Amino acid sequence: AHARLCAALHARRSVWSEALVACGAGVERFVMMLAVSATQSVGVWLAALCIRLADLMPAPATQAILVCPLVRLQRQLAASLDAEEAGAAIPCVGSHSTGLARVTALLAAICTHPAGRSALLAVEPPLLAAGLLPPLQAAARHPAPAATALALLEALCDSAVDVSMAELTEPSEPDAPDAQIL
C-alpha cells in the first residue's frame, strides 16, 4: 500500500511539473508582475509560491522561468535607482529601492530550497554579478536592497542547504521566508 501511494504521489508530482513547464511563459509573466509588488503580504505569498515552484519544476526550468528573469529584473531595477534619483526612471510599483529589495528577497527565498539554490548558482556569472553586485554597492543610499542582498548571499552560502543529488530528488519542506525582508 505504501509503495502504491508513493508511486501515485510521484506520478502526480510529475504531472504538475510537466504542466508548469508547459505554461512556463505564463508563470514567468505572473511572477514578474507580482515581483515588485508594494505590499508585504503579496511578497510573502509570492516567495512561498516561488519556493514551491522551484521544488516542483526541473532545475533547467526553474532557472529559465524563475531565476534568470528575476536576476534580469533585479539588474534593471538596480540600474534604474540612479535614474530614479535623476527623475528619469522606468515605471515601478513603489520605489525602485523597494522593488529591488523585494526581488532580491524573492531570490533569497528561492535559495532556501536546494533546487532553487542550484538554479541560481548555475546562472551565467556575468548575469549573476550584474544582478547581485548593485544592491550591495548601493548600501549607503539604499539600505533595504543591501540588507536583502546580504540575506541572499547568506542563503547562497548556507551550509544547512545541501545541494546533493539525494536532496534534489526527495521533496522537502522549505523554511518560510522572513516576512520582515519581504
Side-chain angles (χ1 to χ4, degrees), residues 1-77 91-93 99-125 127-128 130-132 148 151-152 155-156 158 160-179 181-182:
H2 179 69
R4 282 189 310 218
L5 177 61
C6 287
L9 290 174
H10 181 68
R12 177 177 278 175
R13 184 176 180 81
S14 295
V15 167
W16 272 107
S17 178
E18 291 170 13
L20 287 169
V21 170
C23 63
V27 172
E28 180 183 335
R29 279 192 309 273
F30 179 72
V31 170
M32 293 303 108
M33 281 186 344
L34 295 176
V36 290
S37 170
T39 64
Q40 183 177 359
S41 60
V42 170
V44 170
W45 174 84
L46 185 60
L49 175 67
C50 286
I51 292 168
R52 297 291 184 226
L53 289 171
D55 182 44
L56 282 172
M57 292 188 298
T62 299
Q63 184 179 11
I65 295 169
L66 287 178
V67 174
C68 283
L70 284 171
V71 171
R72 282 191 294 271
L73 179 60
Q74 184 183 36
R75 183 182 61 197
Q76 291 171 343
L77 287 168
C92 177
V93 177
L100 180 59
R102 291 202 191 282
V103 171
T104 306
L106 278 176
L107 287 168
I110 290 170
C111 283
T112 63
H113 192 279
R117 182 178 179 188
S118 64
L120 184 64
L121 290 173
V123 170
E124 294 177 17
L127 177 62
L128 190 59
L132 295 180
T148 55
L152 175 57
L156 281 172
D158 187 1
V161 180
D162 185 16
V163 195
S164 68
M165 289 308 289
E167 281 286 321
L168 292 176
T169 58
E170 295 295 320
S172 64
E173 190 65 34
D175 295 333
D178 186 4
I181 293 175
L182 298 170

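Computed from a predicted structure; not experimentally measured.
Closest non-hydrogen pair, Leu73 versus Ala35, comes out as CD2-CB, 3.8 Å. Minimum interatomic distance between Ala54 and Ala115 (heavy atoms only, all atoms of both residues): O-CB, 3.4 Å. Residues Ala119 and Thr62 share a closest heavy-atom pair of CB-CG2, 3.9 Å. Heavy atoms only, all atoms of each residue included: Ala155 and Ala108 are closest at CB-O, 3.8 Å. Closest approach of Cys50 and Leu66 over heavy atoms only: O-CD1, 3.7 Å. Nearest heavy atoms, Ala64 versus Glu28: O-OE1, 4.0 Å.
Here the CZ-CD1 distance, from Phe30 to Ile65, works out to 14.0 Å after rounding to the nearest 0.5 Å.
Evaluation of the side-chain contact (heavy atoms from CB on, under 4.5 Å) rule for Leu20 yields Val27, Leu53, Leu56, Met57 as partners, not counting sequence neighbours. Legend: residues meeting side-chain contact (heavy atoms from CB on, under 4.5 Å) with Pro60, ordered by chain and number and at least two apart, are Pro58. Applying the side-chain contact (heavy atoms from CB on, under 4.5 Å) criterion to Glu124, with sequence neighbours excluded, gives Pro126. Looking at residues two or more places apart in sequence or on another chain, you find a side-chain contact (heavy atoms from CB on, under 4.5 Å) between Val123 and Gln63, Val67, Cys68, Leu120, Leu127, Leu128.
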Run the numbers on Met32 and Leu70 for side chain to side chain contact (heavy atoms under 4.5 Å, CB included), then give the verdict.
CA-CA 7 Å; Met32 293 303 108; Leu70 284 171; 3.4 Å; yes

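Screening Ile110, Leu107, Leu106 for a side-chain contact (heavy atoms from CB on, under 4.5 Å) with Leu152, the sole residue that qualifies is Leu107.
Judged by distance alone, the side chain of Ser14 and the main-chain N or O of His10 form a donor-acceptor pair under 3.5 Å.
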